[in-house]
Asks: 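I am attaching a structure below and will ask some questions about it afterwards.
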Amino acid sequence: MTDNSRPARPVILGQNQYGKAENRVVKITRDGATHHIKDLNVSVSLSGDMDEVHYSGSNANVLPTDTTKNTVFAFAKEHGIESAEQFGIHLARHFVTSQEPIRTARIRIEEYAWERIEHAGEGAHSFVRQGQETRLTQITYDGSAWEVVSGLKDLVVMNSTDSEFWGYVKDKYTTLPEAYDRILATQVSARWRFNWTDDEQEMPHWEKSYEQTRKHMLQAFAETYSLSLQQTLYQMGSRIIDNRGEIDEVRFSLPNKHHFLVDLEPFGLKNATEDGAVYYAADRPYGLIEATVLRDGCEARIPVDLTNL
């Protein structure tokens with residue numbers, strides 16, 4: 001009987017590995033009213049005695065990549081995330097020592113830093129992602145009048161609580177459960193238009209204006225108990241208009257960066273929010289909330305599609 005599992009010609013298998021790439025895991029730890037975030041992108045690669053799965057398709061030595069994904073989330077809950085390095089050590093040790101065919105485990109982790117937003121409200125659960133923001137401005141001049149539209153993009157913010165979403169329209173296609181304690185996160189793209197249009201007017205202090213506008217935007221995000229991202233958007237715009245007399249119009253484009261509780265019941269773990277929980281951060285599809293907030297009596301001039309600005 002011929003063994004068809006091996007190649008008939010002189011071809012050999014070289015280096016190989018497999019695993020689950022880019023597992024986005026967000027661990028929220030609640031220390032009373034003070035919360036702590038660890039936000040990681042974890043990629044797992046495993047190698048070892050994997051010849052037969054390539055030659056014959058036998059999966060006898062294969063730990064499913066879905067299992068490696070589940071392990072990442074379960075370990076975040078069971079062991080916590082003291083540091084990216086320590087978390088990776090836990091994972092690598094587990095895969096190599098628990099599965100005889102696996103000889104080598106490579107864990108790659110990207111960590112996204114968050115900075116607390118200082119605000120007047122109670123608790124410490126509002127954060128802004130570090131190092132992502134891009135400042136923008138567009139100046140238009142026709143020889144007699146100016147139009148200055150400034151703004152920012154890629155400013156990622158999160159409230160780890162004080163957000164709900166319920167009471168919405170439901171039909172036969174609705175599966176989303178109502179949420180009474182959820183993560184609210186978005187990547188802010190905003191433009192604001194100045195009412196300085198003439199050289200005869202006193203020019204705004206551009207640096208101070210940007211700094212203060214950003215500050216009011218973040219504080220409104222942090223201090224709003226949100227029942228919808230639309231409500232938060234309006235509060236952010238209103239606070240800018242109320243506090244910055246040089247600005248008449250603000251346009252926001254806010255993708256809702258969804259965070260879903262991971263089902264850990266199959267592993268005998270309760271993933272409740274009372275003492276902190278493990279979430280899956282989904283990058284797409286996403287809800288996209290957009291609106292303009294205006295000073296009363298002013299006309300909207302910022303394009304609805306910000307990609308045209």
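From a predicted model like this one, the values you see are computed outputs, not experimental measurements. Position 1 is the first residue of the sequence; numbering continues from there.
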Asks: Assess whether atom CD of Gln130 is packed by more than 12 heavy atoms of other residues, nucleotides or ligands within 6.0 Å.
Replies: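 Yes, because the 6.0 Å sphere around CD of Gln130 holds more than 12 heavy atoms from other groups.
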
Asks: What verdict does the side-chain contact (heavy atoms from CB on, under 4.5 Å) test give for Ile240 and Phe252, after you've listed the backbone C-alpha separation in whole Å, the side-chain angles of each residue and the deciding distance to 0.1 Å?
Replies: CA-CA 12 Å; Ile240 293 170; Phe252 288 104; 4.2 Å; yes

Asks: With a 4.0 Å cut-off, would you call Asp242 and Arg239 a salt bridge?
Replies: no

Asks: Does Lys215 NZ have over 12 foreign heavy atoms under 6.0 Å away?
Replies: yes

Asks: Please identify each residue that fulfils salt bridge (charged side-chain N to carboxylate O under 4.0 Å, His left out) with Arg30, with sequence neighbours left out.
Replies: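 Scan of Arg30 (salt bridge (charged side-chain N to carboxylate O under 4.0 Å, His left out), adjacent residues dropped) gives Asp181.
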
Asks: Any link between Val278 and Ile183 through a network of hydrophobic side chains (Ile, Leu, Val, Met, Phe, Trp, Tyr) touching at under 4.5 Å?
Replies: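 Each belongs to a different hydrophobic cluster.
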
Asks: Are Phe194 and Trp206 close enough, and set up right, to give a ring pair (Phe, Tyr, Trp, His ring centres under 6.0 Å), and what steps lead you there?
Replies: CA-CA 10 Å; Phe194 294 90; Trp206 304 114; 4.8 Å; yes

Asks: Check the pair Asn271 / Lys77 against side-chain contact (heavy atoms from CB on, under 4.5 Å), numbers first and verdict last.
Replies: CA-CA 8 Å; Asn271 197 21; Lys77 183 64 177 178; 4.3 Å; yes

Asks: Would you call Glu246 and Lys208 a salt bridge, using N to O less than 4.0 angstrom?
Replies: no

Asks: Does the distance from a Lys or Arg side-chain N to an Asp or Glu carboxylate O, for Arg193 and Glu299, drop under 4.0 Å?
Replies: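 Not counted as a salt bridge, because no side-chain N and carboxylate O are separated by less than 4.0 Å.
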
Asks: Taking everything shown except Lys170 itself, do over 12 heavy atoms lie less than 6.0 Å from its NZ?
Replies: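 Yes, because the 6.0 Å sphere around NZ of Lys170 holds more than 12 heavy atoms from other groups.
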
Asks: Measure up the Trp166 and Tyr180 rings against each other and bin them: parallel (under 30°), tilted (30 to 60°), perpendicular (over 60°).
Replies: parallel

Asks: For Thr224, enumerate each residue passing the side chain to side chain donor-acceptor pair (under 3.5 Å) test, keeping only those at least two apart in sequence or located in another chain.
Replies: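 Side chain to side chain donor-acceptor pair (under 3.5 Å) check on Thr224 returns nothing, list empty.
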
